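What follows is a set of notes on a single structure, which appears directly below.
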Amino acid sequence: MPTALKAFRAAFLHFVDDPFYTSESESIRYIPDGLMVLADGKVKALGSYENLHNEYSGIPITAYPEMLILPGFIDTHTHYPQLEMSAAYGEQLLEWLHQYTFPTEGKFQDKAYAQQIASLFLDELLRNGTTTALVFATVYPQSVDAFFEEASRRNLRMIAGKVMMDRNAPDFLLDTATDGYQESKQLLQKWHNQGRLSYAVTPRFAITSTDAQLQLAGKLLQEFPDVYLHTHLSENAKEVELVAELFPTSKGYLDVYDQAGLVGDKSVFAHGVQLREAEFQRLSAAKSAIAFCPTSNLFLGSGLFNLAQAKSAEHPVKLGLGTDIGAGTSFSLLQTVNEAYKVAQLRGQKLSAFQALFLATLGGARALSLDDKIGNFDVGKEADFIVLDLRATPLLAFRNKVPTPTSLAELADPIFATLLLGDDRTIHATYILGELQWQS
Ligand SMILES: [Zn+2]
């Protein structure tokens, strides 16, 4: 059967390398009037309209004049069950968990409820231009099934896992070390590499897991080296103190995970706000990733992430952006960038428009070891992409008089303005494997 081709005409922007370490001309590809040709939901060709349109004449073209097509955004840390308790007032991490999070997660014992929230959550991701995410479910296996079923229905590339927690939480939310191991194993055998889905072994954090449970999480990673490890790390100062009390023989927070065999090249640690320099170096050496979650870190008063340390030339750490719903206050990666920029400013550091967009796309894909499949428009990549309207609001229309200029040098300003002033209204359309999944 001949392959059905389709094409999109617009301005295109994507990354082929990391603009933190290479020049913009080396790392960025910008095509002011481009044509992207897709075959079977994957990129077949991308170039200027002028150069490509003769070769592909006669195939259907969807045109988005004066709009910018980007790879879909990648959210490297979030919690679908916390959607309904976003913006819960007044507490920092440990109190916030007990007062708001744990009672809410208790509701996910009910599979139908989990399905309803998973559906809402995924629709909200698509409205915000996020096409892939690394997601916490709850301790209940049925909450993982519900999430993967809804993701599968939408054909999304998603990573998720069952929370493992066997202490320091209400009884109704606790598993045991062995049950957590068995249930996680059954779930990963059921879902990992099913279509576009992947499994993450997901101990909540060191405070809610015994050493026995962390060791069994490490055993799962040994038995299934292809799965992810997803947890929280060094978010809040009181949390770091409590971890030191609970694990008196450890050399630090990261060392607790290291001793259980949880620090590897498919490990993603959310936050890392309180990390010491030696811990950044260890993460760099292990090729582990950090999810930088600025709206959450500010909302919970956790602190200011050290972006320059994570992206240092000597000890680079794989880095992505996380919304961390429901401690995070926005589903939008644009709003997440907005706050990331301000966190950097408060530390006397800079985050350029293109560096920020890299973190939200190819940087996130690298953090999740998915850069062979998504993150840019290299030939053969899966065509998950978004159409950005840089004039979506009256203010943006006034600010971005020329939304898609002819040169990269002129693009930095409208992109920066859109990152800072934009939100879900800026996402005109979201495509999954070349199919329209959401439109404003
Ligand atoms: Zn989190």
Side-chain angles (χ1 to χ4, degrees), residues 74-88 91-105 108 117-118 121 124-125 130 132-139 143-144 147 158-165 168-169 173 200-209 217 228-240 242-243 253-254 256-257 262 267-275 288-305 319-333 335-336 339-340 343 364 367-368:
I74 296 172
D75 185 344
T76 60
H77 175 69
T78 187
H79 301 247
Y80 96 81
Q82 295 181 21
L83 169 139
E84 69 178 85
M85 42 137 316
S86 306
E91 304 297 341
Q92 293 209 348
L93 176 64
L94 300 177
E95 299 75 20
W96 174 86
L97 280 170
H98 283 273
Q99 189 165 332
Y100 297 112
T101 312
F102 292 154
T104 301
E105 291 192 2
F108 287 73
I117 300 297
F121 179 88
E124 197 64 24
L125 290 189
T130 298
T132 286
L134 174 56
V135 183
F136 264 65
T138 68
V139 73
S143 72
V144 179
F147 181 81
M158 288 283 156
I159 313 169
K162 173 200 124 72
V163 174
M164 304 167 83
M165 51 198 299
N168 292 327
L173 272 187
V201 173
T202 310
R204 174 168 232 116
F205 65 155
I207 290 174
T208 49
S209 285
Y228 292 86
L229 182 282
H230 183 201
T231 189
H232 298 94
L233 171 67
S234 289
E235 178 175 359
N236 163 291
K238 272 167 71 180
E239 171 207 13
V240 176
L242 184 51
V243 169
Y253 198 154
L254 183 63
V256 170
Y257 295 142
L262 302 182
S267 304
V268 182
F269 298 101
H271 307 302
V273 172
Q274 315 289 337
L275 286 175
S288 300
I290 295 177
F292 172 22
C293 308
T295 77
S296 167
N297 297 159
L298 295 173
F299 180 73
L300 291 180
S302 300
L304 305 174
F305 180 69
L319 188 71
L321 293 171
T323 60
D324 194 23
I325 295 295
T329 51
S330 174
F331 274 80
S332 171
L333 265 291
Q335 281 303 297
T336 304
E339 301 296 318
V343 167
L368 301 183

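Bear in mind that the values here come from a model prediction, so they are computed numbers and not experimental data. Ligands are counted one by one from 1 in listed order, and the atoms in each one are counted from 1 as well.
- Ring geometry, H77 versus H271: the interplanar angle exceeds 60°, so the pair is classed perpendicular (tilted spans 30 to 60°).
- For T101, the side-chain contact (heavy atoms from CB on, under 4.5 Å) partners are Q82, M85, W96, L97, E105, R204, not counting sequence neighbours.
- Applying the side chain to side chain contact (heavy atoms under 4.5 Å, CB included) test between H230 and each of T202, I159, L262 identifies T202 as the sole match.
- At a cut-off of 2.8 Å, measuring from the Zn ion (ligand 1), the protein N, O or S atoms that fall short of it are H77 NE2, H79 NE2, H232 NE2, D324 OD1, waters left aside.
- Every residue was checked against the salt bridge (charged side-chain N to carboxylate O under 4.0 Å, His left out) condition with E239, not counting sequence neighbours, and none meets it.
- Take E91 and apply the salt bridge (charged side-chain N to carboxylate O under 4.0 Å, His left out) test, not counting sequence neighbours, and it matches no residue.
- Checking side-chain atoms of Y228 against main-chain N and O of L368 turns up a donor-acceptor pair under 3.5 Å.
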